[in-house]
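Below: the structure, in structure tokens.
Just so we're on the same page: letters track the sequence lines, and every chain starts at 1.
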Number of protein chains: 2
Amino acid sequence: MDETAPPTRRTGSGRGRASGRVGIRDVARDAGVSVATVSRVLADDGYPVSEASRRKVLESVARLNFVPNDLARGLSQDRTNTVGVIVPNLANLYYARVLLGVEEVAAQNGMSIIFCNTNHNLANRERDIKLLLQKRVDGIIICGSGTDYENSAGRLADGPAPFVVLGRNEKLDYPAVHADNRRAGYTATRHLVDLGHTRIAFLTGPERWSDGNDRVAGYKACLADHGLDFDPDLLIRCDFAEQDAYERMTQRGHAGMGFSACLAGNDRIALGAMAAAIDLGLRVPEDLAFVGFDNIATSLYMRPSLTTMDMPAQRMGAEGMRLMLRILAGEAVPSRTVFDAALLVRQSSGGLR
Amino acid sequence: MDETAPPTRRTGSGRGRASGRVGIRDVARDAGVSVATVSRVLADDGYPVSEASRRKVLESVARLNFVPNDLARGLSQDRTNTVGVIVPNLANLYYARVLLGVEEVAAQNGMSIIFCNTNHNLANRERDIKLLLQKRVDGIIICGSGTDYENSAGRLADGPAPFVVLGRNEKLDYPAVHADNRRAGYTATRHLVDLGHTRIAFLTGPERWSDGNDRVAGYKACLADHGLDFDPDLLIRCDFAEQDAYERMTQRGHAGMGFSACLAGNDRIALGAMAAAIDLGLRVPEDLAFVGFDNIATSLYMRPSLTTMDMPAQRMGAEGMRLMLRILAGEAVPSRTVFDAALLVRQSSGGLR
DNA sequence: AGCGCTATAGTAACCCGTTACTGTAGCGGT
DNA sequence: ACCGCTACAGTAACGGGTTACTATAGCGCT
């Protein structure tokens, strides 16, 4: 009985966790077929399987409560049906809507998404990308425009995962989906000019925020087209949220406002600024008119309601995911997909007369 | 030379994709050590590795640009360092903040999260759970209270993944983190009673929404404690968002309001209702006072600002993830973790005199 | 010289679904 | 009878990191 099996056949070696989970081999044994047959039934591709086998397999799957292991599947197919989505700050409803759009299309196509929040921090983003690549996501969708992350190189990773950028980012050399912010800025300004305003302030976000910069560029262009001077004193910077805008506007009020209308870099800024104006005893829009950007859900229901540029966040997110799917399918996609923003005239600009 | 190698030795069989990716074996070859040594250097657990080997391995890893494959890691360790998070509707900032809290703690602990949005739909949730289990997440965090999903059984899956519930849900027999909504409802009502109101309406969400039901329960208890009758006519139902609340309130206004104060199931409902009241020509808070729940970001900056119960969404999300980590570490955790809500008195209730 | 330890390495068997290859019936055609 | 096909089914080699087990060298003691 001097067995000559290769070296020394171990019993429960390697990692050797019991696991308890039923695998495809258990199903095969239970159904009295081979693992290949089980796999084929589950894959349900064209491969011919007799009805008898199929039925036996499905019965065993149900009886044993078999749940296929996507890790193993991913390992052998080199596909995880998962994409990573990196967002700067989910507390901003704009990004929540972008994520929602991505998720919607992903779910419709059987894809899962791993979500990362960077807090506008470059180091976090790099950590997240590394993590996502380790997890072998099929692709990565990066949200957050431009110089939001200043040091970004042209390529984030040479890895095999395709990237899609949501937001304008010239430094990032990947297919991008973004709104025409310059045009939106122009349209918003034009609306105020048409209402007769000549001294129009722009309360925008940090300089590294390229969506904001584009909106400002449109604002300047519109002023120029209408023979109005751009006064640097009317370009006021604050951060992305209500509080800072409120404070800036309050200071400004005490120093003598010097303008009759105010564009805000986004609706949250508009909200803070408008609250400040009201608290200063100004009437909106009679004494000071406001226009925001984004059309967050609440902007329609505040009083006065906020005139705003509707940036199609959810649609952009959805389109980004659609692009990703096409890239994964091997199709060529446009390097730029630009959405137009719509002006929603409401009470805060006084344009409803 | 009649080789007696087992059967017939194939060359590139199995799936046989080239892959091109560098693996741990390439690193081992390059560094002149075994795969075990590479794995140990990367794991950096206690196992002794000589400095010389460690250096060689790290050099090769850098030179070859090696990215470990978490699928393979997960497969052999039966651990993915990933949890699934299921949320009913990300467009509600409340849930966005919950997700943010979860993400924050997850990131701090090297965990990733797979995000799913159900749109308050039970079938979607079941699909998502199945998907997450296939992906072998280490655990699942379910957000969305109670009978939000009516048919939920006591156990969602017998699988090995632990669940944590964010929100009160008696039908779901898992560790839960939720706010004391009954108490919050009581506190909010008490605030209005203290201000002298005797006819107080409650504009709440759908009946299946248990957080809302708990708030209503607190409202009723408070009325009773203060000798006020509960008038079913003052319990008005609408859905979760602004628009429906606006419409209900407008109808009501035309029919004769019949109350001097209004609690809203959440801030979005409050926003819609308040806009309706203002549009009806009522003064807030003089003619009609409002109190909301959630303390979404905009509630502080609308005018009048919204008195609301601050539900600590982000902290609850964070706590839920912390619980999950402890469960994964094998610790026992409390089956109920209850957070208290704080009353934030602002302009809409008239409590700021 | 011999024994026991510790420090370090290496080998190869896992984890589990997929799929390239290799059969083997059964059937029509000649 | 024999060839060629099609329809089905089974075997086993992947993919890539982990780790149980085995092995060797170096060192302190007796």
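Taking atom NZ on B/K56 and atom C1' on C/dG10, their separation rounds to 13 Å, with Å as the unit. Here the C1' atom of nucleotide D/dG16 and the CG atom of B/L42 are 12 Å apart, to the nearest Å. B/D78 has its CG atom 11 Å from the P atom of D/dT19, to the nearest Å. As a whole-Å value, the separation of A/L71 CG from D/dT18 C1' is 14 Å. Whole-Å rounding puts the A/R55 CZ to D/dA9 C1' distance at 17 Å. The distance from atom CG of A/N69 to atom P of D/dG15 is 18 Å, rounded to the nearest whole Å. The distance between atom CZ of A/R136 and atom P of C/dG17, rounded to the nearest whole Å, is 20 Å. Whole-Å rounding puts the B/D26 CG to D/dG15 P distance at 10 Å.
Between A/S76 and D/dC14, a side-chain N or O to OP1/OP2 separation shorter than 4.0 Å is absent. A/Q77 has no side-chain polar atom (N or O) that falls below the 4.0 Å cut-off from OP1 or OP2 of D/dC14. The shortest distance between the side-chain N/O atoms of A/T37 and the OP1/OP2 oxygens of D/dG10 is below 4.0 Å. When the side-chain nitrogen and oxygen atoms of B/S34 are compared with OP1 and OP2 of C/dA9, none of them lie within a distance under 4.0 Å. Within the structure, every side-chain polar atom (N or O) of A/Q134 is placed at least 4.0 Å from both OP1 and OP2 of D/dG17.
When all heavy atoms of B/V105 and B/A318 are compared, the closest pair comes out as CG2-CB, 3.5 Å.
Salt bridge status for A/R21 with B/D78: absent, with no side-chain N to carboxylate O gap under 4.0 Å. A salt bridge does not link A/D128 to A/R125: none of the charged nitrogens lies less than 4.0 Å from a carboxylate oxygen. Salt bridge annotation for B/R55-B/E59: present, with a cationic side-chain nitrogen under 4.0 angstrom from a carboxylate oxygen. Ionic pairing of B/D70 and A/R136 is not present here: no N-O contact between side-chain nitrogen and carboxylate oxygen is shorter than 4.0 angstrom. Salt-bridge formation is detected for the pair B/D30/B/R63: a Lys NZ or Arg NE/NH1/NH2 atom is positioned less than 4.0 Å from an Asp or Glu carboxylate oxygen.
Where A/R73 and B/D45 meet DNA chain D, the nucleotide closest to each residue was compared, and A/R73 sits on the side nearer the 5' end.
Comparing the end axes of the helix from C/dA1-D/dT30 to C/dT30-D/dA1, each fitted to five base pairs by superposing C1' atoms of four pairs onto the next four, gives an inter-axis angle of 50° (nearest 10 degrees).
Under 3.5 Å, the side chain of A/R25 and the base of C/dG17 form at least one donor-acceptor pair of N or O atoms.
Nearest to the side-chain atoms of A/R40 among the listed nucleotides C/dG17, D/dG10, C/dT18 stands D/dG10. The side chain of B/L75 has D/dG16 as its nearest neighbour among D/dG16, C/dG17, C/dT18. Of the candidates D/dT19, D/dT11, C/dG17, D/dT11 carries the atom nearest the A/A36 side chain, counting heavy atoms from C-beta on.
The distance from atom CD1 of B/I142 to atom CD1 of B/I86, rounded to the nearest 0.5 Å, is 4.5 Å.
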Distance-only criterion, 3.5 Å: show the donor-acceptor pairs between side-chain atoms of residues 324-336 of chain B and protein atoms not counting sequence neighbours.
unit_1, atom_1, unit_2, atom_2, d
B/R326, NE, B/E331, OE1, 3.3
B/R326, NH2, B/A332, O, 3.3

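No donor-acceptor distance shorter than 3.5 angstrom exists from the side chain of B/N109 to the backbone of B/M111, with no hydrogens or angles considered.
Residue contacts for B/V38: at a heavy-atom cut-off of 4.0 Å it reaches no nucleic acid atom on any strand shown.
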Restricting both atoms to N or O, compile the protein contacts to nucleotides 4-8 of chain D shorter than 3.5 Å, with distance only.
none

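Among the candidates A/N119, A/V102, A/N117, the single residue satisfying the side-chain contact (heavy atoms from CB on, under 4.5 Å) test with A/V87 is A/N117.
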